[in-house]
Amino acid sequence: MPRGPLFLLLPATLLACNRGDDHKDVGVLLVGTPDADVGPEDAAPGTLAHADLPIVPVVPNVDDDDRDGSLDWGQGRPEGDNDFSVFTIDAPHKVTLTLTGDVESLRIWSGGAVVMNDQVTTLELAKGPHELELEAGDYLAEGRLVVSDNATGEAVEVLLMGAPLILNHHLQPSERVASMRASYGTSWNNYDMIDDYHRILGDSFEEVRMNTYQSDVWVQDEIEFATLTSADGAMQFVIDSIRNGQGQAGAGLDDLAEDQFEDVDFGLGTWGGGQATSQDSFGNLEISPPVTVDGVDYPFGRIYYGDNGGRMAPTQKLQDFLAAQRVQSPVEVDSSWLCVGHVDEYSSFIPDPGSEKGFKLVFGDIDAAYAVLEAMDPDTVLTRYEPTPAKGGHDYASVGEILEDAQLRAYNEDIQRDVLDPQLEQFKTEFGLDDSDIVFMPSLFEEVGWCGGTALGLIPGMANLIVADAEDGQTTLFLPDPYLRTDEDAQEDDPMIAQVVSLLPADLDVAFLDDWHMYHIAMGEVHCGTNVVRTPDDGADWWLDARHLLEN
Amino acid sequence: MIHLLISLLSPVFAGSFESDLDAQVQALRGASPQDVELVDQLQVMPTRAGFLRLMGPGLETEAASPMLALRLIQGQEPSEVRQALARSLAGDCAEHFELVAGVYAVEADPEVRGILLSGMSRADERALPLLEQALSDHSPELRLEAARVLGYHSQGGDLLVGALADPDEHVRAMAARKLGYLGHAPAFDALGGLLSDDSALVRLQAVNALERLDADRAGPLVSPLVQDGDLGVRRAAERVAR
């Protein structure tokens, strides 16, 4: 039975979260509150129990502000900026608060003491304003707070809810960009690439130390950045893969998350364990920008990862966790045709401010690559592709040799027809796209020896790119240099670069980085060796704009 | 050819090969000490696929392949490092087939053997006996690699036809795929027989290969597969039967 407003409350809202200058209206209006007869038992498991109740959001206190190895939730009084949300109840008479739901993961504080938790689920408050602090210990921890007027018997209800962990997408501004400076001797280094990052990104670029991390250059694969938000706070978060530097705990980049990112208000978590597969690397975990699919809005985009339904899949615990966050409804695609097997080898999303959707999907395309090659002089010498077998390079001295390789062409035709075309249809369906939303990125693949006939980029995979904001604020794409030219220093002479630039949104700057010796011939590219911390998405509030997803 | 294979595999050959290699490397140490030093300084780094690869300018020297082969023969390093050695050596198979084949002949580690075999896609016809032998190996992974590599040899068609009867579906599928790539017309009927294979992977590659060999003949042959339970096979059959 709908009820009228019970309290006269703070300006414009019944309940308000506030924190000094950061006060932000949570938009919780209890005017016409919903049917109180709908109880938690009426809700299906894993769904929002009260679809029409307002939500008081809180960032779960899952960071470790004092770096003692224990999450703050288990350590008494919250003290960090994002450890709780503040809300106010202005009681016209004495009122009684009743808390139900995930009470083991929710606490309410007042005056520096816990006043409600799993042991104390009812609380009486005297007439007048009361500032309460809400703390949550888990993602999407959900409680129902009923506030009953002891004089009139009327009641209002709100949901208290921990934020879901939301993975970042490429339309969010970048804050920090990290990559490893590495060298194995003359010309066997990535100094040019790292120097380009410094030059373009300025202070937002930070180096990862090679010696500390055993030359494990795959910075993308070890960690994934995410954010937690509420009306009055936000927290950065890093997911630490079970990849563990492709080895045991402590190997390679395994400790990078703890060493360089975990901090006050920068949480860290790992889901899963045991022997990792290549699909546990986070180059195999990507996120679209906000999309609308069959009328359903995904204001934080959708997660996608490579999973062929069998052995090649991210750890099930991580899959389950990501699905349980609900707001970024994960999509599985088949990446088993690749030797490494990561979705970032052939797909990415980039901003396109001038377009209707505001972004483009970059997707590998064989025909587009052959079109560029066939327009070139076949005698063009390709210094980077010519036979240097012991170095692990390719075996083509000229453009003509690539074009004349019938087996290479047949192999790539198969990939286009049997893999990329069907999968592009899947992308269109799952992300609500059409051809106008897609950049068909020229791509050629070749077989990898002793990898079951699976594929790897022949031309450096230019879908494997980084989106970051330059020092002057200009959104910039960082792509691997394809080196389809004779003079390695003359990017302006490279017809592939010219073609790719013509395909990309004109609003963006584009930098082609030399990733050849350190990444390309080691089965990765620019994106694989770089990671980006991004500003939490302020374009949408999950408790308002993604509510329909929480209900499903 | 068969004689060469037998000689490669004999214990006498193994001992002789190692001593010859050792002498060759010793000669390099005298003649090209700087190159040898560079090879000695090679380091390993993890590739994105997880396995190790060698890094460093030493790989650009003439000393690299003999020295890597000797290290492999000596067999004193961890398997993952030896795999990295093998990858670099295998990449040089066109220039140093004898080294690759020689190490392959005495190598026991199946991973290292597979990697060395992979390099034979760059070798000439001398690789065929080794590949033929590998097609009979107990390891399906090695048979799969042999089928893949045979696809790079214009004379590999007949051996690949034999591999169409392999008990492993991945080997059969690879053989079918490569026969299509090679345009090995005598395989047409054998490939037709795979259209009823239990494996959708095999049926798909058979349809694709038949199309490559003779699209006109393949059309009516594959048309029943437009009802196939596998989406990929169905799509391929619809395309070819059209």
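Each chain gets a letter, A, B and so on, in the order the sequences are listed, and its residues count up from 1. Every value quoted in this text rests on a predicted model; they were computed, and no experiment measured them.
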(message) Looking at chain B, which one of Arg409(A), Gln246(A), Gln407(A) has the largest number of heavy-atom pairs inside 4.5 Å, strictly under?
(response) Gln407(A)
(message) Which atoms of Glu211(B) are under 4.5 Å from chain A, going by heavy atoms: the side chain, the backbone, both sets, or neither?
(response) side chain
(request) Could you look at Leu144(B) and say if it's the side chain, the backbone, both or neither that has a heavy atom under 4.5 Å from chain A? (result) side chain
(message) Check this for me: does any side-chain nitrogen of one of Glu111(B) and Arg82(B) sit under 4.0 Å from a carboxylate oxygen of the other?
(response) no
(request) Flag yes if more than 12 heavy atoms outside Glu62(B) fall under 6.0 Å of its CD atom; otherwise flag no. (result) no
(message) Between Asp216(A) and Arg243(A), does any side-chain N to carboxylate O distance fall below 4.0 Å?
(response) yes
(message) So which residue, Glu447(A), Met523(A), Met518(A), Gln214(A), ends up with the most heavy-atom pairs under 4.5 Å with chain B?
(response) Glu447(A)
(message) So that I know where these two stand, are Tyr346(A) and Trp337(A) an aromatic pair - ring centroids less than 6.0 Å apart?
(response) yes
(message) Between Leu231(B), Asn208(B), Leu204(B), who has the most heavy-atom pairs with chain A when the cutoff is under 4.5 Å?
(response) Asn208(B)
(request) Examine distances only and state if a side-chain atom of Asp137(B) and a backbone atom of Arg143(B) form a donor-acceptor pair shorter than 3.5 Å. (result) no
(request) Decide side-chain contact (heavy atoms from CB on, under 4.5 Å) for Asn190(A) and Val217(A); before the verdict, give the C-alpha distance in whole Å, the side-chain angles of both, and the deciding distance to 0.1 Å. (result) CA-CA 10 Å; Asn190(A) 64 355; Val217(A) 299; 5.5 Å; no
(message) Which one wins on heavy-atom pair count under 4.5 Å against chain B: Gly529(A), Ala406(A), Ser183(A), Pro422(A)?
(response) Pro422(A)
(message) Under 4.5 Å from any heavy atom of chain A, what part of Met174(B) do you find: side chain, backbone, both or neither?
(response) side chain
(message) Is Tyr519(A) close to chain B through its backbone or its side chain, or both, or neither, when contacts mean heavy atoms under 4.5 Å?
(response) neither
(request) Verify whether the ring centers belonging to Tyr385(A) and Trp516(A) lie closer than 6.0 Å. (result) yes
(message) Using heavy-atom distances under 4.5 Å, tell me whether Phe51(B) contacts chain A through its side chain, its backbone, both, or neither.
(response) side chain
(request) Return the option, out of Gly245(A), Gly452(A), Gly185(A), Cys451(A), with the maximum number of heavy-atom pairs under 4.5 Å with chain B. (result) Gly452(A)
(request) Find the one option among Leu142(B), Leu116(B), Val44(B), Leu117(B) whose heavy-atom pairs under 4.5 Å with chain A are most numerous. (result) Leu142(B)
(request) Return the option, out of Ala147(B), Gly50(B), Gly232(B), Gly180(B), with the maximum number of heavy-atom pairs under 4.5 Å with chain A. (result) Gly50(B)
(request) May I ask you to say whether Asp198(B) pairs ionically with Arg172(B), meaning some side-chain N is under 4.0 Å from a carboxylate O? (result) no
